[in-house]
S.K.: 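Please see the structure below; I have some questions.
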2 protein chains.
Amino acid sequence: MKQARHCFISESGELQARWQEAFPQALGLRLADPAPAGAGPTLLWLRLPQGRPVAPLLAELRRRLGNLPCIVLSDLPDDDQALACFAAAARAYCNTHAAPAYLRQVAEVVAQGGLWIGESLMNRLVDATSRVEVKSPSESGNSWAALLSPREQEVARAIAEGASNKEIARGLGITERTVKLHVGAVLEKLGVRDRLQVALIVSGVRQSQSA
Amino acid sequence: MKQARHCFISESGELQARWQEAFPQALGLRLADPAPAGAGPTLLWLRLPQGRPVAPLLAELRRRLGNLPCIVLSDLPDDDQALACFAAAARAYCNTHAAPAYLRQVAEVVAQGGLWIGESLMNRLVDATSRVEVKSPSESGNSWAALLSPREQEVARAIAEGASNKEIARGLGITERTVKLHVGAVLEKLGVRDRLQVALIVSGVRQSQSA
DNA sequence: AGGCCCCCTGTACTTCGGTACAGTTATTTT
DNA sequence: AAAATAACTGTACCGAAGTACAGGGGGCCT
């Protein structure tokens, strides 16, 4: 892998001491500066100004400097801001005041096509997902799961991913015949006539027709 | 940071040579094995069996081994599978046959709360996002309609209601054969293999796979 | 012990979905 | 005038989906 050319972008254009420590040859730019002459940067670091929407900022950066991977640094990181950054195709989100070693690792990850989310947000995502899976049999509002046996729920979820009977069979280590049995049970219990409706119900688009 | 205890899970339970090279002390488990006695692992690597839905696999692993960070290895990586993995709260997705150094970096990233997405998927996400910003300030995410002719849109919407070809034909006053023609065109233009995916896309659950 | 539910499998059948041939008509674009 | 696009129809074929018979084993409850 080639050496990345780092470019730090902040309101004032100054380089934080730790940034310079992490990447001695990094370039510093102000938000309004034009693209630097010569060999362009290959990796952008954007220090987020306080209280501004991130999407337009990132969009403009891309327009001016090319569609480069961009790492967002926030003085006061919070999960919602992080999500906004990733929605705007940021590649990483971390604290402005992170240690140089940390910054270097983030850079390496991003340079190799990785995404740096940070622990707080990651935990939230994992929590959300596991909670859904754990508590969905009991309630979760739409109650389709409550009508189905555990095995049938697995089948229903696979259907919602678009899996064929054969794929589900391989996935669960059973025969296609048995999958058809479960599918049939799911159809009857949810009161629908085909798997497409099952997919819509599991995806939350429709409600089950059953009592 | 403490040393992570790695646990590789595959169908056969064997450790690939490069896994062992990357993590000499890693534990190998089969899919069906129970949790190992003693100090449990802190990081799971799951080698994905061919053609199986991932969500149930990951859910069951979490049930059995605890809610640990999980890295998914795929013999034939593709973007859709990767998305399914992240939807199931996987922390990383990469090629089974990746080099030891690569695996070690993935592990380090995950151990520090990062997410490893891989270049292919990342490029797609970045592309998608930048395209959205460029071409649809008005409507967002509903790009499926833009790809289809008016008639095809009608058919696509009917599909999302769960209508059969025969019903669509009666509804539009045309033959079933013609409906099939339109359905075929919709499938091709949206880049999906069956009407179920069309229903999910039109319902806003999925994005179109096409350029 | 009998009844109930869950999970699993097999054979055989019908219907539906999707595609591959092969066309027609009308409108628009180049 | 030719080419491209949209809409439409027909026959035919294959595989997937779903159903209808037929069973098997195990666990739980009264």
Side-chain angles (χ1 to χ4, degrees), chain A residues 136-138 144-202 208-211, chain B residues 31-32 51-53 56-57 59-60 63-64 144-202 208-211:
Chain A
S136 60
S138 53
W144 61 267
L147 300 169
L148 307 179
S149 75
R151 207 54 160 170
E152 288 157 2
Q153 290 175 34
E154 290 187 273
V155 172
R157 269 186 281 262
I159 286 175
E161 286 187 31
S164 69
N165 286 341
K166 196 169 296 186
E167 287 168 340
I168 297 172
R170 302 195 44 188
L172 298 180
I174 57 182
T175 61
E176 190 178 347
R177 176 64 190 86
T178 307
V179 174
K180 286 185 175 185
L181 174 81
H182 292 311
V183 172
V186 170
L187 296 182
E188 190 184 359
K189 290 183 178 178
L190 296 185
V192 295
R193 69 175 178 195
D194 58 33
R195 58 174 46 219
L196 198 151
Q197 299 291 335
V198 174
L200 294 176
I201 289 172
V202 172
S208 162
Q209 306 308 124
S210 292
Chain B
L31 267 172
R52 296 174 56 167
L57 269 176
E60 196 189 334
R63 222 172 19 247
R64 287 217 323 268
W144 62 269
L147 299 169
L148 307 180
S149 74
R151 206 55 159 170
E152 287 158 3
Q153 289 177 32
E154 290 186 271
V155 172
R157 269 186 281 265
I159 287 175
E161 305 281 328
S164 69
N165 287 341
K166 197 169 297 187
E167 288 167 340
I168 297 173
R170 287 196 312 149
L172 298 180
I174 56 181
T175 60
E176 189 178 347
R177 175 64 190 86
T178 306
V179 173
K180 286 185 175 184
L181 174 81
H182 291 312
V183 171
V186 169
L187 295 181
E188 190 184 358
K189 289 184 177 178
L190 296 185
V192 297
R193 70 175 179 195
D194 58 33
R195 57 173 47 217
L196 198 150
Q197 298 294 333
V198 174
L200 294 176
I201 289 171
V202 172
S208 163
Q209 308 305 122
S210 289

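We name chains A, B, ... by the order of the sequence lines, and we start the count at 1 in each one.
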S.K.: Could you tell me the separation between the CG atom of A/L172 and the P atom of C/dC6, rounded to a whole number of Å?
M.R.: 17 Å

S.K.: Mind checking A/T178 for me? I need base, sugar-phosphate or nothing, with any heavy atom below 4.0 Å counting as a touch.
M.R.: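 Result for A/T178 = base.
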
S.K.: Please determine whether a side-chain nitrogen or oxygen atom of B/K180 lies at a distance below 4.0 Å from atom OP1 or OP2 of C/dT19.
M.R.: no

S.K.: How close or far is atom C1' of C/dC21 from atom CG of B/L181, stated in whole angstroms?
M.R.: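 Nearest whole value for this atom pair: 13 Å.
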
S.K.: Using atom types as modelled and distance alone, determine if a side-chain donor or acceptor of B/E176 lies under 3.5 Å from a backbone N or O of B/A169.
M.R.: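 No, B/E176 side chain to B/A169 backbone: no donor-acceptor pair under 3.5 Å.
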
S.K.: Name the closest nucleotide to the B/S149 side chain, picking from C/dC7, C/dG18, D/dA6.
M.R.: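 Nearest nucleotide to the side chain: D/dA6.
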
S.K.: Would you call A/E154 and A/R151 a salt bridge, using N to O less than 4.0 angstrom?
M.R.: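 A/R151 and A/E154: salt-bridged.
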
S.K.: Compare the minimum distances between each of D/dC8, D/dA7, C/dC16 and the side chain of B/P150, then state the nucleotide with the smallest one.
M.R.: D/dA7

S.K.: Between B/N165 and C/dG17, is there a contact of a side-chain N or O with OP1 or OP2 at under 4.0 Å?
M.R.: yes

S.K.: Of the non-hydrogen atoms in B/L200 and A/A160, which two are nearest, and what is the gap between them?
M.R.: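 Between these two residues, the closest heavy atoms are CD1-O, 3.5 Å.
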
S.K.: Among the nucleotides D/dT9, D/dT19, D/dA17, which one has an atom lying closest to any side-chain atom of A/L187?
M.R.: D/dT19

S.K.: Looking only at side-chain N and O atoms, does B/R151 come under 4.0 Å of OP1 or OP2 in D/dA6?
M.R.: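 Negative; the distance criterion is not met.
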
S.K.: Scan B/R177 against the nucleic acid and name what it touches under 4.0 Å (heavy atoms): base, sugar-phosphate only, or nothing.
M.R.: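 Here B/R177 touches the bases of the nucleic acid.
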
S.K.: Please give me the minimum heavy-atom distance between B/A158 and B/I168, naming the atom from each residue.
M.R.: CB-CG1, 3.7 Å

S.K.: In this structure, how many angstroms lie between the C1' atom of D/dG18 and the CD atom of A/Q197, rounded?
M.R.: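 Whole-Å distance recorded here is 15 Å.
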
S.K.: Round to a whole Å and report the spacing from CD of A/E188 to P of D/dT19.
M.R.: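 Going from CD in A/E188 over to P in D/dT19 covers 9 Å.
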
S.K.: Please report the distance, rounded to the nearest Å, between CG in B/L147 and P in D/dA6.
M.R.: 12 Å

S.K.: How long is the line joining CD1 of A/I168 and C1' of D/dG18, in whole Å?
M.R.: 13 Å

S.K.: As a test of reading the structure: which of C/dC8, D/dT9, D/dG18 is closest to the side chain of A/I174, going by heavy atoms?
M.R.: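 Among the listed nucleotides, the one closest to the side chain of A/I174 is C/dC8.
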
S.K.: Taking 4.0 Å as the cut-off, does a side-chain nitrogen or oxygen of A/R193 come that near to OP1 or OP2 on D/dG18?
M.R.: no

S.K.: Select one nucleotide: of C/dT9, D/dG10, D/dA7, the one nearest the side-chain heavy atoms of A/T175.
M.R.: C/dT9

S.K.: Would you say A/H182 reaches C/dC6's phosphate, i.e. side-chain N/O to OP1/OP2 under 4.0 Å?
M.R.: no

S.K.: If you count every heavy atom of other residues, nucleotides or ligands that lies below 6.0 Å from B/R170 atom CZ, does the total exceed 12?
M.R.: no

S.K.: To the nearest Å, give me how far apart CG (B/L196) and P (D/dG18) are.
M.R.: 9 Å

S.K.: From NZ of A/K166 over to C1' of D/dC14, roughly how many Å is that when rounded to an integer?
M.R.: 12 Å

S.K.: Determine the sole option in A/H182, A/Q197, A/R195 for which the side chain to side chain contact (heavy atoms under 4.5 Å, CB included) test with A/I159 is passed.
M.R.: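 Per the side chain to side chain contact (heavy atoms under 4.5 Å, CB included) rule, the option paired with A/I159 is A/R195, out of A/H182, A/Q197, A/R195.
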
S.K.: Counting side-chain heavy atoms from CB outward, which of C/dC6, D/dA17, D/dA6 is closest to B/K189?
M.R.: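 Of all the options, the side chain of B/K189 is nearest to D/dA6.
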
